[in-house]
Amino acid sequence: MANDPASSGVVPARGRAARQRAVVAAALDELNEFRSAQDLHDLLKHKGDSIELTTVYRTLQSLADAGEVDVLRTPDGESVYRRSTCEHDHHLVCRVCGKAVEVEGPDVARWAEAVAAEHGYVDVAWRRW
């Protein structure tokens, strides 16, 4: 999902930063499951890309801030990332292997609104993964 920099407030990367961002984004495009920054770094090293782990972390954070990747926390607290496929999405995630499938929003939204109303919530905010 590409964002228009003018509308998202994200300043496009230039030079080396643009190449590194493109390398990380391309790696995410090839994956269907959530992966850690370390996993992505290892994958990139295996492919012959020279990129520092800290750069992978910074790039993933930048992509997450721009809404281009989904971020989940594993039970042990590690952040894992996957390319975002739509504007508002929900996932079922396997806690063992990290595989995720998207769940259609309308049913999930109706369920969440019903649960919120049942507990007295009137202005429910949605968390973007």
Side-chain angles (χ1 to χ4, degrees):
M1 171 177 117
N3 287 336
D4 174 21
S7 65
S8 68
V10 176
V11 177
R14 296 176 191 239
R16 183 175 179 175
R19 185 197 69 76
Q20 292 171 332
R21 182 180 176 111
V23 165
V24 172
L28 287 167
D29 287 340
E30 296 175 9
L31 302 171
N32 291 324
E33 64 276 350
F34 285 86
R35 295 286 183 96
S36 69
Q38 182 68 55
D39 290 340
L40 285 169
H41 181 255
D42 291 344
L43 175 73
L44 293 169
K45 274 180 63 177
H46 181 71
K47 292 173 122 186
D49 287 305
S50 176
I51 186 169
E52 296 293 326
L53 179 58
T54 55
T55 301
V56 173
Y57 275 106
R58 280 194 306 269
T59 301
L60 288 169
Q61 185 60 55
S62 174
L63 291 168
D65 291 345
E68 295 181 31
V69 297
D70 298 323
V71 184
L72 297 176
R73 278 231 195 254
T74 64
D76 61 350
E78 183 177 32
S79 292
V80 290
Y81 306 84
R82 185 182 77 166
R83 180 62 99 170
S84 183
T85 57
C86 65
E87 201 57 36
H88 183 87
D89 50 359
H90 304 275
H91 305 94
L92 292 177
V93 181
C94 176
R95 292 183 182 170
V96 175
C97 71
K99 184 176 179 179
V101 294
E102 288 190 22
V103 179
E104 290 298 319
D107 292 336
V108 175
R110 280 191 293 276
W111 171 80
E113 288 168 4
V115 171
E118 179 181 322
H119 292 278
Y121 289 87
V122 291
D123 185 17
V124 179
W126 291 95
R127 179 175 176 224
R128 172 102 172 92
W129 291 102

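Atom set for the values below is all heavy atoms of this structure, side chains included, hydrogens, waters and symmetry mates excluded.
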Legend entry - Between OH on residue Tyr57 and CD on residue Gln38, distance to nearest 0.5 Å: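 Rounded to the nearest 0.5 Å, the OH-CD separation comes to 6.0 Å.
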Inset, instruction - Can you measure from CZ (Arg58) to CD (Gln61) and round to the nearest 0.5 angstrom? - result: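 Arg58 atom CZ to Gln61 atom CD measures 11.5 Å (nearest 0.5 Å).
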Is any side-chain heavy atom of [X] closer than 4.5 Å to a side-chain heavy atom of [Y]?
X: Thr55; Y: Val24; answer: no
X: Leu40; Y: Leu31; answer: yes
X: Val69; Y: Ser84; answer: no

Legend entry - Pair Glu78 + Arg73: basic N to acidic O under 4.0 Å: no
Legend entry - Candidates Lys47, Arg83, Arg82 - the one meeting salt bridge (Lys or Arg N to Asp or Glu O under 4.0 Å) with Glu30: Lys47
Legend entry - Residue Lys45 excluded, over 12 heavy atoms near NZ under 6.0 Å: no
Inset, instruction - Look at atom CG of Asp42 and say whether more than 12 heavy atoms of other residues, nucleotides or ligands are closer to it than 6.0 Å. - result: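 Yes, CG of Asp42 has more than 12 neighbouring heavy atoms, counting only those of other groups under 6.0 Å.
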Legend entry - Tyr81 and its side chain to side chain contact (heavy atoms under 4.5 Å, CB included) partner, picked from Asp70, Leu60, Leu63, Asp39: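 Only one option passes, and that is Leu60.
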Provide the closest heavy-atom pair for [X] versus [Y] in the form atom of the first, atom of the second, distance.
X: Ala27; Y: Leu44; answer: CB-CD2, 3.8 Å
X: Ala64; Y: Val71; answer: CB-CG2, 3.6 Å
X: Ser50; Y: Arg19; answer: O-NH2, 3.5 Å

Inset, instruction - Kindly say whether Ile51 contributes a backbone atom to a donor-acceptor pair with the side chain of His41 at under 3.5 angstrom? - result: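 Yes; at least one donor-acceptor contact below 3.5 Å.
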